[in-house]
Amino acid sequence: MTRQMRALVKPEAAPGLVLREVAVPSPGPGEVLVKLEKTAICGTDLHIYQWDAWAARTIKPPLVLGHEFVGRIVEIGLGVKGYAEGQRVSAEGHIVCGVCRNCRAGKPHLCPHTVGIGVNRDGGFAEYVVVPATNLWPIPDEIPSEVAAFFDPFGNAAHCALQFDLVGEDVLITGAGPIGIIAAGIAKHVGARHIVISDLNDYRLNLAKEMGATRTINVRNENLLDILEELDIDGFDIGMEMSGNPRAFNDMLKAMYNGGKIALLGLLPSDTAIDWDNVIFKGLEMHGIYGRRMYETWYKMTQMVLTGFPLHKVLTHQIPIDDFETGFELMANGQCGKVVCDWTGEVA
Ligand code: NAD
Ligand code: ZN
């Protein structure tokens, strides 16, 4: 008889998720089986839950969700070296091909053939997940599991924030979702001067302030351009677009200093129009950001947390997995930072 486990599953092409029994996967050559301790809810999981247009064209049900997780290795597949049973790990969610030009050039984060854990194959919203050993990231004992659970989005924030030199610079972040909040913290950590972040949500703006933002803007009742005068600057040196909102992106373009640099992480709609004068006459540099460097970003993230980066401040809710509906509701209404689900029973 195959062993059964509980997993959060998208059962069919429609809104909703179910917590149900599925077979425990078994690790093939080069893979390990991880017993989950914590799984965090990502915006991507919410898209899959709500079954929007992106989810409908991307997800092939039935699928076990989840790509932000931490757990312990319980079984090691053939040929895996350097890992031990009982070891605590998180994992990079993008499985790369290993043979394309970028992979072989040491730039696997730019592989065009990635397979997403919890998107294109079963993920970590389950008691067990199978992961290629190459994707594992060992977690040092000093880092608690509820924090290690969301290293994946921490990685998006870190990859984006570390794209440009922030030391002494004036930084504008549009969008104070979990990733924008963490990015504000990183800008502070590495020594930016002004760190301004915008959103429509005061709860999240307050979290960003706690993380290190020096000025928050609720765009419902304040104008980004007024801030330039307040700070007595001509414009921002560095922009990080983390809202996916065309209005926010256009405001950012207006508020940039000549020669400024923008990292684009938020998923903007394909019909987003911008005033190209801002880009061309100001000589702006723009850089698209996807995922995170494998595995240099993971290294930097780990060392930042070990040397005092307050990643825990963005963790606002820990819930037992049985309450997953509550977690998705929190994510949908935005009254949260990171929401982490527990598989161990230690969160009541
Ligand atoms: P999120 O949806 O939780 O955060 C987006 C925030 O932007 C929300 O708090 C929202 O209130 C805010 N916002 C909406 N309109 C705004 C406006 N006009 N001005 C300012 N803020 C506004 O998402 P997240 O998980 O923090 O991720 C941030 C973005 O990055 C999302 O668009 C997400 O899809 C994208 N993303 C990209 C990658 C990548 O690899 N490129 C990876 C993960 C997430
Ligand atoms: Zn590749």
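Quick note: residue numbers are just sequence positions, from 1. As the structure lists them, so they are numbered: ligands from 1, and atoms in each ligand from 1. The shown structure was predicted, so the numbers you read here are calculated from the model rather than taken from an experiment.
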Is the F324 ring parallel, tilted or perpendicular to the F328 ring (thresholds 30°, 60°)?
-> perpendicular
Heavy-atom closest contact (E68 atom, C42 atom, distance) | OE2-CB, 3.1 Å
Plane angle bin for W298 and F151 - parallel if under 30°, tilted between 30 and 60°, otherwise perpendicular = tilted
Is V219 close to ligand 1, meaning an N/O of one under 3.5 Å from an N/O of the other?
-> no
Does the pair R292/D152 count as a salt bridge with the N-to-O cut at 4.0 Å?
-> yes
Under 4.0 Å, heavy atoms only, figure out whether ligand 1 is touched by the backbone of T44, its side chain, both or neither.
-> neither
N or O pair under 3.5 Å between L200 and ligand 1 | no
Where the closest heavy atom to atom 44 (C) of ligand 1 is concerned, which of I173, I179, N156 has it?
-> I179
Do any N/O atoms on M242 end up under 3.5 angstrom from N/O atoms on ligand 1?
-> no
Is the side chain of D234 donor-acceptor paired with the backbone N or O of L228 at a distance under 3.5 Å, no angle test?
-> no
Residue part near ligand 1, for R204, under 4.0 Å between non-hydrogen atoms = side chain
Considering the heavy atoms of G266, write down every atom of ligand 1 situated less than 4.0 Å from one of them.
-> 29 (C), 30 (O), 32 (O), 35 (C)
If we only count N/O pairs under 3.5 Å, is L267 in contact with ligand 1?
-> yes
With backbone taken as N, CA, C and O and side chain as the heavy atoms from C-beta onward, which portion of N245 lies under 4.0 Å from ligand 1: side chain, backbone, both, or neither?
-> side chain
Could you tell me whether N201 and ligand 1 have an N or O pair separated by under 3.5 Å?
-> no
Is any heavy atom of the protein nearer than 4.0 Å to atom 2 (O) of ligand 1?
-> no
